Visitor: 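Please read through the structure below; I'll follow up with questions.
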Amino acid sequence: MKVVIVGGVAGGATAAARIRRLDEMAEIVVFERSHYVSYANCGLPYYIGGVIEDPAELTLQTPESFYTRFRVDMRVRHEVTAIHPDRKTVSVQNLETGAVFEESYDKLLLSPGAKPTQPRLPGVGLGQVFTLRTVEDTLRIRSYVEEHRPQSAVLAGGGFISLEVAENLRRMGLAVTIVQRPKQLMNPFDADMAAFIHAEMRRHGVRLALGHTVEGFAERDGGVDVLLKDEPPLHADMVVLAIGVTPDTALAQQAGLTLGLKGSIVVNDRMETSAPDIYAVGDAVQVRHFVSGQDALVALAGPANKQGRIAADNICGGDSRYHGSQGSSVIQVFDMTAAATGLNLTNAKKAGLDADCVVLSPMNHAGYYPGGKLMTMKVVFEKGTYRLLGAQIVGYAGVDKRIDVLATAIRAGLNAVQLKELDLAYAPPYSSAKDPVNMAGFMIENLAQGLVKQFHVEDVPQLPHDGSATLLDARTAEEYAAGHIEGFVNIPVDELRARLDEIPAGRPVYVICQSGLRSYIACRILAGYGYDCYNFSGGYRFYEAVMHDRCLTESATDCGMDR
C-alpha cells in the first residue's frame, strides 16, 4: 500500500507516524510546501518574544529524523498542485528546482491546514505588514524586530494568535494596539467573561480598539498607517494580521470534492471525503460540534492530531470514528489563564438551545492556605434537562485543571447537576474540600430544585425602580459605600432577619452581594418568610468588571460605579 499525505504538520505528521506503526510495509510519502514538518504552530508567538530561544525547538521532527525513525519519505519544499482522483495521482512541484511530476497513491490524505485570512485591503502587501502561520512567518517577524527595532505594533484581530503575539511584543517593550471589529476579544468566551481578559491586557499596557473596522494600510514615515472606518488612522512601525484563518482547500475544490462551511472539506466520521480513497483531517475539514451537533470549523491542534490518528487507522483497514469537536482551549494572557470548552451562552442560544448559566468566583485552593487566587467560572447548561453545554474560566491558578474536568464531564455525558458528585482530589495547597467544579454543581442543583432563582447582568437595566420590587444589596456597609448599583438599598445579610420590616411583603426581591454567596443566603432567609427572591449571578465583583469594560470599550469619559 502506498499512502500520499499532503501537509506535514499536526494532522499529516501524526497520520504518517501512526500508519507506520500499523503497517511496517506501507510506502508513505509526505509533501510539505514549507521548509519544516511537524512543527509547533502554537509555539510560534513565543519564539518572536524570546520565550523560546532556539528556533530548532519549534520543530518536533525533521525530515531526516522522521525517516530514521519511521521510514517516511518527507519531502519539504514540495507543493501538490492538483489531485487526479480518476487515475489516483497527484501533481507535485519541487519548489527548489521548479520540476513538476506526478505521484501515484493507493490512499491519499489531505492535511493542508488553514491559511491566515487575507482581506482584500489596500496595502496588505507592504513590507511592514505580516501574517503568522508558519515557521517562515515567525522567522520573518523575529528578523524584522531584531533588525529594525520597532517601537510600536498594531495587531488586527482578537483571537489566540493576536493575544499571544501582543503579549510577546509587550514583553519586548513595544507599544501594542489590538484592533478588532467585534467589541470583544476571544470569541470562545461570552462578552462578560471576555471583560476579564480585556482588563488583563489593559493592565499590561495593551491598547484595545474594539468595535473598529480596518479598511487598509498605507506606508508613512517609515511605518504603517492602519486605516480605520470612520476613525483617524493608527500609526505603527509594524502590523500583524491575525483576523482568523480560512481552510486551505483549493486542491480539494479543483478535484471536485464536496465542500462545506467556508469552503472546508466535508468528511464523514471516518475522515473520508466524498472521493474514494481520499481522506482529510485538520483545520481544513468540517466537523460536527460535539455539543450542538451542528457543522463547525475547529482550528485547534488537539482535534487535528486525533483526526490524523483516526484517518490512519482507517487507511490501514481499521474502523475508528471521530465523534466531534467541542473546542476545548486555553490561553495564557500575561499573568492570567483563560480557558473554555463546549458552547458559550451566546452560541448555545444561537444554536437554538434554551440555555442558562451560573457564574461563581471561587478560590483556586483552600481560602485559609496562603497564596489563594480568585477565578471566575461560567458554566452553561440547558434548562429543563440540565445538560452540560460548556464552560469558561478566567483566573491566575488552577484554571486549566478545572476546564479539563468540565471538558471531560461534557464528553462523558454528565449533566450539570452531576458535577456535585465528582470525587476530585483535595489538599489545601491545591483545592478546597468542595472543589470549584463541585460548587458549580451545587449551584445548578439549587436552581433545579427551585431553592433559588437568579438574574443576570443583562437583566439589571430592566429591573423595576418604581417600588414594585425591592432591590437589595446584602454586603457590608463598607462594601456598599465603595461601590454599588444605583437603586439597590443596603441591608447586610447578617442584619436581614432583624430588618425584615424594611422589605415590603408581596413584592419580588432582587439581591446582590460581592460574589453571589451571601445573596444566596439572603434569598433563603427571605424565602423562609414568604418572599419571592432572585439572586444575582456572579455578584457585584462580576457586575463591576463587566460594566467597567463596557464603559472603556465605548470610550466613555467616566467609568466609575455609583459612590
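All values derive from a computational prediction rather than experimental measurement. Worth knowing before you read on, the calculation uses all heavy atoms, side chains too, and leaves out hydrogens, waters and symmetry mates.
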Visitor: Cation over ring, R411 on F290, under 6.0 Å and within 45°?
Guide: yes
Visitor: Say whether, by atom type as modelled, one donor and one acceptor occur between the side chain of Q184 and the main chain of A194 under 3.5 angstrom.
Guide: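 Side chain of Q184 to backbone of A194: no pair is present.
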Visitor: For the residue pair H484 / D473, report whether a side-chain donor-acceptor contact shorter than 3.5 Å exists.
Guide: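 Result is no, nothing qualifies.
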Visitor: Answer yes or no: is there a donor N or O on one side and an acceptor on the other, between the side chain of S361 and the main chain of S515, under 3.5 Å?
Guide: no
Visitor: Look only at the side chain of N168 and the backbone of P45, and say whether a donor-acceptor pair between them is shorter than 3.5 Å.
Guide: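 Indeed, once roles are kept as given, a pair shorter than 3.5 Å links the two residues.
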Visitor: N535 side chain to G516 main-chain N or O, any donor-acceptor pair under 3.5 Å?
Guide: yes
Visitor: Any salt bridge linking R142 with E146? Criterion: basic side-chain nitrogen under 4.0 Å from a carboxylate oxygen.
Guide: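 Result for this pair is yes, salt bridge flagged.
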Visitor: Could you check whether any side-chain heavy atom of L297 comes within less than 4.5 Å of a side-chain heavy atom of P247, counting everything from C-beta outward?
Guide: yes
Visitor: Is there a donor-acceptor contact under 3.5 Å from the side chain of E479 to the main chain of T476?
Guide: yes
Visitor: If the threshold is 4.0 Å, N to carboxylate O, is there a salt bridge linking R170 and E167?
Guide: no
Visitor: Do the ring planes of F542 and F196 sit parallel (below 30°), tilted (30 to 60°) or perpendicular (above 60°)?
Guide: parallel
Visitor: Give, for atom CG of L353 and atom CG of L389, the distance between the pair rounded to the nearest 0.5 Å.
Guide: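 Going from CG on L353 over to CG on L389, the span is 5.5 Å.
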Visitor: Can you tell me how far apart CG (L388) and OG1 (T341) are? Round to the nearest 0.5 Å.
Guide: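 Atom-to-atom, L388:CG and T341:OG1 are 8.5 Å apart.
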Visitor: If I take atom CG from residue D354 and atom CZ from residue R387, how far apart are they, to the nearest 0.5 angstrom?
Guide: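 Nearest 0.5 Å value for the CG-CZ distance: 11.5 Å.
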Visitor: Can any side-chain N or O of N438 pair as donor or acceptor with the backbone N or O of L422 at less than 3.5 Å?
Guide: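 Side chain of N438 to backbone of L422: a pair is present.
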Visitor: Using every non-hydrogen atom in the two residues, find where S162 and G157 come nearest and quote the distance to one decimal.
Guide: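 Scanning both residues, the minimum pair turns out to be OG-O, 2.5 Å.
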Visitor: Taking Y480 for its side chain and F488 for its backbone only, find out whether a donor-acceptor pair lies under 3.5 Å.
Guide: yes
Visitor: Where do H198 and L552 land on the side chain to side chain contact (heavy atoms under 4.5 Å, CB included) test, with the steps shown first?
Guide: CA-CA 10 Å; H198 298 170; L552 291 174; over 6 Å; no
Visitor: Backbone N or O of V214 within a donor-acceptor pair of the R181 side chain at under 3.5 Å?
Guide: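 Side chain of R181 to backbone of V214: no pair is present.
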Visitor: As a test of understanding, state which of D190, N187, D192 forms a side chain to side chain donor-acceptor pair (under 3.5 Å) with T346.
Guide: D190
Visitor: Is it true that K401 and D435 make a salt bridge, defined as a side-chain N closer than 4.0 Å to a carboxylate O?
Guide: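 Here K401 does not pair with D435 in a salt bridge, since their nearest N and O are not under 4.0 Å apart.
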Visitor: Is the backbone of K350 close enough, under 3.5 Å, to the side chain of N347 for a donor and an acceptor to pair up by distance?
Guide: no
Visitor: For the residue pair V298 and G327, what are the closest heavy atoms and their distance?
Guide: CG1-CA, 4.2 Å
Visitor: Could you tell me if S431 and R402 have a donor-acceptor pair between their side chains, going purely by distance under 3.5 Å?
Guide: yes
Visitor: Under 3.5 Å, side chain of N305 to main-chain N/O of A301, donor-acceptor pair present?
Guide: yes
Visitor: Locate the shortest heavy-atom distance separating V452 from L447; write the atom from each residue and the value.
Guide: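 Heavy atoms only, the tightest pair is O-CD2, 3.4 Å.
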Visitor: When you compare the side chains of D459 and Y534, does any donor N or O come within less than 3.5 Å of an acceptor on the partner?
Guide: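 No donor-acceptor contact under 3.5 Å links the two side chains.
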Visitor: Ignoring hydrogens and geometry beyond distance, is a side-chain donor-acceptor pair present between Q392 and N344 at under 3.5 Å?
Guide: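 There is no such pair (donor and acceptor under 3.5 Å, judged by atom type) between the side chains of Q392 and N344.
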Visitor: Determine, for Y540 and R475, whether the Lys NZ or Arg CZ falls below 6.0 Å from the six-membered ring centre while staying within 45 degrees of the axis.
Guide: yes
Visitor: How many angstroms lie between CE in M439 and NZ in K420, if you round to the nearest 0.5 Å?
Guide: 13.0 Å
